[in-house]
Amino acid sequence: MNWHTDSQLESLRHQLVNHRLYQLLDSPKAICIFMQHHVWCVWDFQSLLKALQIKLTCMEIPWVPSPDPLIRRLINEIVLGEESDEDGIGGYLSHFELYLKAMQEMHADTKAINEFIGLLRSGTPFEESLLKSNAPPSIIPFVTQTIGLAQTGGLHSVAAAFTLGREDLLPDLFLKILEKTANQFNISYSILTYYLNRHIELDGDEHGPMAISMLDKACSGSKIKEEEALQSARNSLQARLDLWNAICKQIEELK
């Protein structure tokens with residue numbers, strides 16, 4: 001199936017890629033506000049990924065081989081890249097940890113997301129961790145939807161949100177914005193630039209085609225599953241659009 005022929009999906013993607021938010025990212029402060037929200041999207045993307053790994057590979061003991069060796073290979077390759085990628089200085093980090101390093105380089109506030117991760121590590125339930133960490137109010141509906149889908153959604157719905165609801169939503173324009181503000185304010189975005197370039201490289205050359213193949217197999221030609229998958233992707237994009245609008249409002253209020 002050609003997933004990019006759905007008019008609703010493409011309309012949402014167009015609104016996101018051409019969102020006025022990018023026009024507001026004209027200073028280090030504005031970019032930091034964006035990152036303090038976007039880091040939660042980077043985090044919950046990993047939960048969608050792990051949901052797919054659980055559904056498509058054997059994550060239990062005693063181990064047995066999962067039914068589809070090709071899909072098993074695809075999802076494990078994506079996990080390798082997203083959870084243990086090269087960090088650019090000879091080591092390995094998840095893309096989430098790399099993003100945190102980029103925030104630290106920019107002196108963006110990481111207190112809420114770090115406290116949230118600490119609470120989860122200590123066994124605090126997800127919803128309670130969100131509230132106790134003082135997560136940005138506008139991010140709560142977004143991550144709550146994602147985690148709900150990861151925990152209870154069918155394979156085709158999770159695969160669609162992962163593949164169609166998260167791809168290519170930071171346009172190349174963002175890299176140009178970083179370059180312009182770095183020159184204007186004489187600051188470095190080296191880690192964030194590396195993160196973005198790495199994402200573009202992996203999504204375009206490797207992970208993107210793999211994920212489409214995975215989604216096609218998850219739907220197995222079923223028209224019902226294909227429509228449910230499209231609706232899952234639409235819901236994911238709409239949640240991102242709502243978040244982008246909320247970030248705009250916060251940046252505009254500070255200005």
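For the numbers below, each heavy atom of this structure counts, side chains included, while hydrogens, waters and symmetry mates do not.
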In terms of heavy-atom contacts, does [atom1] of [X] have more than 12 from other residues, nucleotides or ligands at under 6.0 Å?
X	atom1	result
E60	CD	no
F185	CZ	yes
K55	NZ	yes
E227	CD	yes

Open item on the list: Give me the atom names and distance for the closest heavy-atom approach of V158 to G153.
Closed with: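 So the two residues come closest at CG2-O, 3.8 Å.
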Task: Minimum-distance pair of heavy atoms, taken over all atoms of W244 and H38 - done: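 Minimum heavy-atom contact is CH2-CD2, 3.8 Å.
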Please answer: with hydrophobic residues joined when any side-chain heavy atoms are less than 4.5 Å apart, are [X] and [Y] in the same cluster?
X	Y	answer
V42	L241	yes
Y22	Y195	yes
I187	M35	yes
I54	I78	no
F34	I140	yes

TODO: Walk me through it: do I247 and I251 pass the test side chain to side chain contact (heavy atoms under 4.5 Å, CB included)?
DONE: CA-CA 6 Å; I247 298 173; I251 293 175; 3.9 Å; yes
Task: Any side-chain donor near an acceptor of the partner, Q250 and H37, under 3.5 Å - done: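 Judged by distance alone, the side chains do pair up.
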- [ ] List the steps, then state whether side-chain hydrogen bond (donor to acceptor under 3.5 Å, both in side chains) holds for N183 with E179.
- [x] CA-CA 6 Å; N183 291 333; E179 183 180 359; 4.6 Å; no
Flag side-chain contact, heavy atom, 4.5 Å: [X] against [Y]:
X	Y	answer
L56	S66	no
V39	F116	no
I177	D26	no
T181	S27	no
D6	R234	yes
L25	I33	no
I212	L164	yes
S94	D85	no

TODO: Given side-chain hydrogen bond (donor to acceptor under 3.5 Å, both in side chains), test N134 with E115 step by step and report yes or no.
DONE: CA-CA 9 Å; N134 292 316; E115 186 168 345; 5.4 Å; no
Which value, rounded to the nearest 0.5 Å, describes the distance between [X] atom [atom1] and [Y] atom [atom2]?
X	Y	atom1	atom2	value
I191	D87	CD1	CG	9.0 Å
T57	L52	OG1	CG	10.0 Å
N186	Q184	CG	CD	11.0 Å
R240	L16	CZ	CG	7.5 Å

- [ ] Flag the pair K101 and E105 as a salt bridge only when some basic side-chain nitrogen lies within less than 4.0 angstrom of an acidic carboxylate oxygen.
- [x] no
Task: E252 with R20: basic N within carboxylate O range, under 4.0 Å - done: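 Counted as a salt bridge, because a side-chain N and a carboxylate O are separated by less than 4.0 Å.
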TODO: Decide salt bridge (Lys or Arg N to Asp or Glu O under 4.0 Å) for D44 and R166; before the verdict, give the C-alpha distance in whole Å, the side-chain angles of both, and the deciding distance to 0.1 Å.
DONE: CA-CA 11 Å; D44 76 351; R166 297 298 186 98; 2.8 Å; yes
- [ ] Let me know which of K225, E226, E228 forms a side chain to side chain donor-acceptor pair (under 3.5 Å) with H156.
- [x] E228
Task: Between F162 and F45, ring centroids under 6.0 Å - done: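 Between F45 and F162, which both carry aromatic rings, the centre distance is below 6.0 Å.
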Open item on the list: Would you say the ring centers of W40 and Y99 fall short of 6.0 Å from each other?
Closed with: no
Task: Donor-acceptor pair, side chain of T124 and main chain of L120, under 3.5 angstrom - done: no
Task: Sidechain-backbone polar pair: S133 side chain, S129 backbone, donor-acceptor under 3.5 Å - done: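 Confirmed, S133 side chain pairs with S129 backbone.
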